[in-house]
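Taking it in order: structure first as structure tokens, then the write-up.
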Amino acid sequence: MQYDPDWFKTSGGGTPSSSVGAEAYDAIKDMMIEEGWAVFSPTGGIYDSANDTGYSMFVCRLANDLLNVYVDGNRLSFGSGEYKIYRSNNGIFTITFGTEVMQNLEVGEHTITLEFGNTEAVETVVTVK
């Protein structure tokens, strides 16, 4: 991924990882579009609280359209580190959730809602075990 200083100025950002190349992101985006997925979790939608390695998801939307992120109807705060956004140049972005947010979820299924401007919200489920 490439760092876009203008994006991070407006979003409150972070530092993107350089560990995933452009080809990998293109393949992920193509797979998401082909399967009709708006959201793809590298862990298959499962968060293992016993082996906390964090939780992230790829989203096949433009990051600058994202207005709010909710977990079970509770709005998360971007600036407090409850979630971060990393944007790639090829149209997908990664949302990573803070450890405290994930560790406070009870075992079971939880709904993550992504609210976008001018489009329908996207809902996905994370299973905490």
Side-chain angles (χ1 to χ4, degrees):
M1 292 193 306
Q2 301 214 351
Y3 179 69
D4 179 351
D6 291 328
W7 166 254
F8 287 97
K9 281 181 197 169
T10 59
S11 68
T15 304
S17 167
S18 60
S19 62
V20 178
E23 295 86 8
Y25 268 99
D26 284 338
I28 291 167
K29 181 180 179 185
D30 290 346
M31 180 264 314
M32 290 172 68
I33 292 168
E34 192 173 291
E35 296 295 326
W37 294 344
V39 176
F40 169 72
S41 166
T43 59
I46 295 173
Y47 171 74
D48 186 351
S49 57
N51 300 310
D52 180 31
T53 56
Y55 186 75
S56 63
M57 35 187 220
F58 300 117
V59 182
C60 191
R61 288 280 180 95
L62 294 176
N64 55 359
D65 287 344
L66 182 66
L67 299 177
N68 295 300
V69 175
Y70 299 88
V71 175
D72 294 334
N74 298 311
R75 185 176 178 269
L76 299 185
S77 173
F78 184 85
S80 71
E82 290 183 328
Y83 72 96
K84 292 182 181 179
I85 299 172
Y86 303 100
R87 183 177 184 268
S88 71
N89 289 335
N90 54 0
I92 65 172
F93 63 101
T94 306
I95 298 178
T96 60
F97 293 86
T99 300
E100 283 188 25
V101 170
M102 299 309 294
Q103 288 287 329
N104 285 326
L105 296 177
E106 294 181 13
V107 170
E109 291 187 344
H110 300 274
T111 302
I112 297 173
T113 305
L114 307 175
E115 188 177 77
F116 293 89
N118 300 324
T119 60
E120 284 186 38
V122 173
E123 288 190 353
T124 188
V125 174
V126 58
T127 302
V128 175
K129 64 178 201 169

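FYI, the numbering just counts along the sequence from 1. From a predicted model like this one, the values you see are computed outputs, not experimental measurements.
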Checklist outcome for this item: side-chain contact (heavy atoms from CB on, under 4.5 Å) filter on T43, not counting sequence neighbours, yields S41, Y55

Checklist entry - Excluding sequence neighbours, so at least two apart, what forms side-chain contact (heavy atoms from CB on, under 4.5 Å) with E123? => result T111, T113

Checklist outcome for this item: Closest non-hydrogen contact found for M57 with P42 is CA-CD, 4.2 Å

Item to check | Smallest separation among heavy atoms of N68 and L66, with atom names | outcome: O-CD1, 3.7 Å

Checklist entry - Once you round to the nearest 0.5 Å, how far does CG of N104 lie from NE2 of H110? => result 10.5 Å

Checklist entry - Can you tell me how far the OG1 atom of T127 sits from the CG atom of D48, to the nearest 0.5 Å? => result 11.5 Å

Item to check | Reported CZ-to-CG distance for the pair F97 and L76, which is rounded to 0.5 angstrom | outcome: 6.5 Å

Item to check | Point-to-point distance, once rounded to the nearest 0.5 Å, from CZ of F40 to OG of S56 | outcome: 9.5 Å

Checklist entry - Is the backbone of L67 close enough, under 3.5 Å, to the side chain of E115 for a donor and an acceptor to pair up by distance? => result no

Item to check | Hydrophobic cluster identity match, I95 and Y70, side-chain contacts under 4.5 Å | outcome: no

Checklist outcome for this item: The single option from V39, V59, L114 that satisfies side chain to side chain contact (heavy atoms under 4.5 Å, CB included) with T124 is V39

Next on the checklist: Is any side-chain heavy atom of V71 closer than 4.5 Å to one of E82?
Outcome noted: no

Item to check | Beyond-backbone contact of Y83 with F78, side-chain heavy atoms, under 4.5 angstrom | outcome: yes

